[in-house]
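Have a look at the structure below, then the notes.
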Amino acid sequence: MLTIHAPGVGEAVLVEGDRVAAIGPYEELASAYPAARVRRWPGALGPGLVNPYGPELLERAYHPDPREADALGTEPILDPSFPVDDARRGGSARRGVQRLLAHGVVAVAGELRSRPVLEAARRSGLTVLPRAALPAAPPSLTAGTPLPPLRVGDPARFAVFDGGVCVATVVAGRLVYRAR
């Protein structure tokens, strides 16, 4: 399926399957591909972010279930002594991945070893990259550096930001996060 992602600022991106098929002004892409589905976004579209804290945020942190918010809050629990079994680890990893996607993250750096965490990353399409060194700052969902600029033929993994807030994240050509 062809999809044109048309941001309010900058060039539009045509996605075919899991790849970037074309980049250019929306009017040109819409004229050349009239059957393509169109998604319009406020803000600017750019490469997705790489969060350097993959293991810290997905394996060592616990992301509370919304039903636990009254007792545990809504922010990740970074305390290594917090008890988490494999069943809770899987749910936590899925929630952690969703929170990362909501910040425009399409890849994490660092080796992931936990089976539930690897499965959550795989299912979402989140890319796991090697990490040269652990950053000095504490782990944060909002940490991230952009991937290289999008090019035709590259994997379709990008994010749309409006006023510094992520409004959409696309991974492997799939819309995996959309702000409400």
Work out which heavy atom in [X] is nearest to a heavy atom in [Y]; give both atom names and the distance.
X      : Y      : answer
Pro130 : Ala109 : O-CB, 4.0 Å
Val13  : Leu45  : CG2-CD2, 3.5 Å
Ala143 : Asn51  : O-ND2, 2.9 Å
Ala69  : Thr74  : CB-CG2, 3.9 Å
Ser92  : Ala61  : OG-O, 3.6 Å
Ala156 : Val20  : CA-CG2, 3.9 Å

**Asked** Would you call the rings of Phe158 and His5 parallel, tilted or perpendicular if under 30° counts as parallel and over 60° as perpendicular?
**Response**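 Because their plane-to-plane angle is over 60°, the rings of Phe158 and His5 count as perpendicular.
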Single-linkage hydrophobic cluster, 4.5 Å side-chain cutoff, [X] and [Y] together:
X      : Y      : answer
Val105 : Val50  : yes
Leu78  : Phe82  : no
Val117 : Leu141 : yes
Leu118 : Leu126 : yes
Leu2   : Val38  : yes

**Asked** Given the rule in the side chain to side chain contact (heavy atoms under 4.5 Å, CB included) test, do Leu58 and Tyr53 qualify, once you have shown the distances and angles that lead to the verdict?
**Response** CA-CA 8 Å; Leu58 297 176; Tyr53 300 105; over 6 Å; no
**Asked** Is it true that the side chains of Ser114 and Arg89 contain a donor and an acceptor less than 3.5 Å apart?
**Response**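 Short answer, no.
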**Message:** We want to know whether Glu68 and Tyr62 form a side-chain donor-acceptor pair, criterion being a heavy-atom distance below 3.5 angstrom.
**Reply:**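 Their side chains do contain a donor-acceptor pair, which is all the 3.5 Å distance test asks for.
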Using atom types as modelled, flag every donor-acceptor pair under 3.5 Å from a side chain in residues 162-180 to any protein atom, sequence neighbours excluded.
| unit_1 | atom_1 | unit_2 | atom_2 | d |
| --- | --- | --- | --- | --- |
| Thr169 | OG1 | Leu101 | O | 2.6 |
| Arg174 | NH2 | Arg123 | O | 3.4 |
| Arg174 | NH2 | Ser124 | O | 2.9 |

**Message:** Using only atom types and a distance under 3.5 Å, with no angle test, would you say the side chain of His63 pairs donor to acceptor with the backbone of Leu57?
**Reply:**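 At least one qualifying donor-acceptor pair exists.
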If we only count heavy atoms from C-beta on, is the [X] to [Y] side-chain gap below 4.5 Å?
X      : Y      : answer
Leu49  : Phe161 : yes
Leu112 : Pro55  : yes
Leu72  : Ile77  : yes

**Request:** For the pair Thr127 and Arg157, evaluate side-chain hydrogen bond (donor to acceptor under 3.5 Å, both in side chains) and give the outcome as yes or no after the intermediate values.
**Result:** CA-CA 10 Å; Thr127 302; Arg157 55 183 185 197; 3.0 Å; yes
**Prompt:** Stepwise, does the side chain to side chain contact (heavy atoms under 4.5 Å, CB included) test hold for Tyr33 with Glu16?
**Reply:** CA-CA 11 Å; Tyr33 303 94; Glu16 182 173 17; over 6 Å; no
**Prompt:** Tell me, which pairs form a salt bridge (charged side-chain N to carboxylate O under 4.0 Å, His left out) where one or both residues lie in residues 42-65, sequence neighbours left out?
**Reply:**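 Qualifying pairs: Glu56-Arg60, Glu56-Arg131, Asp65-Arg67, Asp65-Arg95.
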**Request:** With sequence neighbours excluded, tell me which residues meet side chain to side chain contact (heavy atoms under 4.5 Å, CB included) with Asp154.
**Result:**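 Per chain and number, Asp154 pairs via side chain to side chain contact (heavy atoms under 4.5 Å, CB included) with Arg151.
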Results of side-chain hydrogen bond (donor to acceptor under 3.5 Å, both in side chains) for [X] - residues two or more places apart only:
X      : answer
Arg122 : Glu119
Arg115 : none
Glu11  : none

**Message:** Test side chain to side chain contact (heavy atoms under 4.5 Å, CB included) on Leu129 and Val108; report intermediate values, then the result.
**Reply:** CA-CA 6 Å; Leu129 302 171; Val108 293; over 6 Å; no
